[in-house]
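The next block holds one structure in the form of C-alpha cells; read it before the comments.
Just follow the structure's listing: the first ligand is 1, and inside any ligand the first atom is 1.
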Amino acid sequence: MSEARFPEETRGANMFFQSRFDCQGSPARVVFGPSSRLRVGEELVRLGLERVLVIATPELEGVAGEIAGALGPRAAGLFVGAAMHTPVSVTEARMARLGDADGLVAVGGGSAIGLAKALALRSGLPQIAVPSTFAGSEATPILGETKGGEKTTLTDLRVRPDTIVYDPLLVSSLPPRLVASSAMNAIAHAVEGLYARDRNPVGSLMAAEGIRAFAAAVPRVDADRADLEAWSMAQYGAWLCGTVLGQVGMALHHKLCHVLGGTFDLPHAEVHAVVLPHAIAYNEAAVPELLAPVARIFGAETAADGLHEFARAIGAPTALEAFGFTEADIPRAVDVALARPYWNPRAITREGLSVLLSGALTGERPARAMFNEDTETVK
Ligand code: NAD
C-alpha cells in the first residue's frame, strides 16, 4: 500500500495537525494552585520519602526555610548555595555531603532546580520541584551544567523531577524585571517548539496556549501585583512552555543563549529575553508559516515584531550591552556557537550569526531585511 499523503490545505490556518510525528508525554505529577507549597509534605508521603535535602538560591532562603520547617524531621537539611548555570564544582561539593538524604526538594528558579537535577543524576534520588520563576526546568529531562567556561546540556530521564508543585504565591515575589525576562525565557521554549524538527501537534497546542497565557497574564500582574489569578495564569504558561521544552529539541535561539550564559556568564532569563526576537527574525525568514501563530497571538505582522514589541511593553531587557557584552565579544560567541551547533530550521552562517548578535547587542528592532536574502531551509 502506498504511504498516505495529506494535502497541505487539510492543515488549516489554525491547526497544528501533522501527518507524521512521535510524541513522548511527560509523566510528572503536577500539584497546582495557591498555597500548594504547603502540600510538599503530602507529596513526600506519596513518594515514600523521609529525609529530603531542601535546595534553594540565597534569595529564596526564607520560603525554602518555611517549607523545610513545615517538613520537620523529614527535612534532612537546607542548602541555599545553588548558583546560575549549575557549576559542576558546586554540585560535586554538595554531592560529597549528601549524607543519608533519600530525596531532593528544589525551591526556586532554574538554578535551584538545576542543582537538584545534577544531584539526582549522580545519586538517583527522586525530586520534587517547587518553582519560583517561569524558566520551566521543572518540566524537562534536560540538565545544563557549566565546567571550564562551557555549558553543556544532556537529556536523561533521571533528571526530570517526579513531582512539580506550582504555587503562584512563590512567583508573586519576582521583581518586575525578572517577571518580564523569565516570561520571555518560557515563551522562547514555546516558540522554538513550534518549529522544532521533532515537534508534535499536542506540543504545538501547548506552545501556543503557553504563549497566550503569558501574553494575557504579564500585563495583568504588571498592572496589579495582587492579581493572584494572573500569577496562576503565568505559572500555567510556564508549565506548558516548560513541557514543550521537555518534549522537543531546541534550536538556534537556545544554542546562542547557552553560549552567552556558559561562556560569557550572562544572566540566563535576561539573555533569552534579549536574543529571542533576533533569533526568531533569523528563522522566520525560513519558516514563516510555523511562526504565524506567534504573530497572531501578539497581533503583529511577524512573530519577531510581536516578540520585540511584547518584550518592550512588559519591560524586558532588549540589549546585550546592558550586561557587559561588547562588539568585540561577537566573533568568539559566533565561534563557540558554530563549534557544536544545534539543528536549526535555517542554515546557520557565520555572517548571519554576526548580524543577529549585532542587533541583540544594541537592542534594535530585529533586522528582517537583513535576514530575508539567501534563506535556506534545512529539511
Ligand atoms: P535563577 O533560578 O538563577 O533565579 C534568578 C534570580 O532570581 C536568583 O537570584 C534567584 O535567587 C532569584 N529568584 C528566583 N525566584 C525568585 C522569586 N520568586 N522572588 C525573588 N527572587 C527570585 O534563574 P532562572 O532564570 O529561573 O533559571 C536559570 C537557570 O536555569 C540557568 O542555569 C538555566 O540554564 C537553567 N534552566 C534549565 C532548564 C532545563 O530544562 N534544564 C530550563 C530553563 C532554565
Residue pair Thr140, Lys117: steps toward the side-chain hydrogen bond (donor to acceptor under 3.5 Å, both in side chains) verdict: CA-CA 10 Å; Thr140 81; Lys117 285 176 155 185; 2.8 Å; yes
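The hydrophobic cluster containing Val88, built from Ile/Leu/Val/Met/Phe/Trp/Tyr side-chain heavy atoms closer than 4.5 Å, comprises no other residue.
Ligand 1 lies under 4.0 Å from heavy atoms of Thr57, Glu59, Leu60, Met84, His85, Gly109, Gly110, Ser111, Lys117, Ser132, Thr133, Ala135, Ser137, Thr140, Ile142, Lys151, Leu170, Ser173, Leu174, Pro175, Leu178, Leu245, His268, Ala269.
For residues 93-138, the set of pairs meeting the ring-ring contact (aromatic ring centres under 6.0 Å, His included) definition, not counting sequence neighbours, comprises Phe134-Phe214. Pairs engaging residues 307-334 under the salt bridge (charged side-chain N to carboxylate O under 4.0 Å, His left out) rule: Glu309-Arg365 [sequence neighbours left out].
Between Arg51 and Asp102 there is no salt bridge, since no side-chain N of the basic residue sits under 4.0 Å from a carboxylate O of the acidic one.
Aromatic rings from His278 and His253 are positioned such that their centres are separated by 6.0 Å or more.
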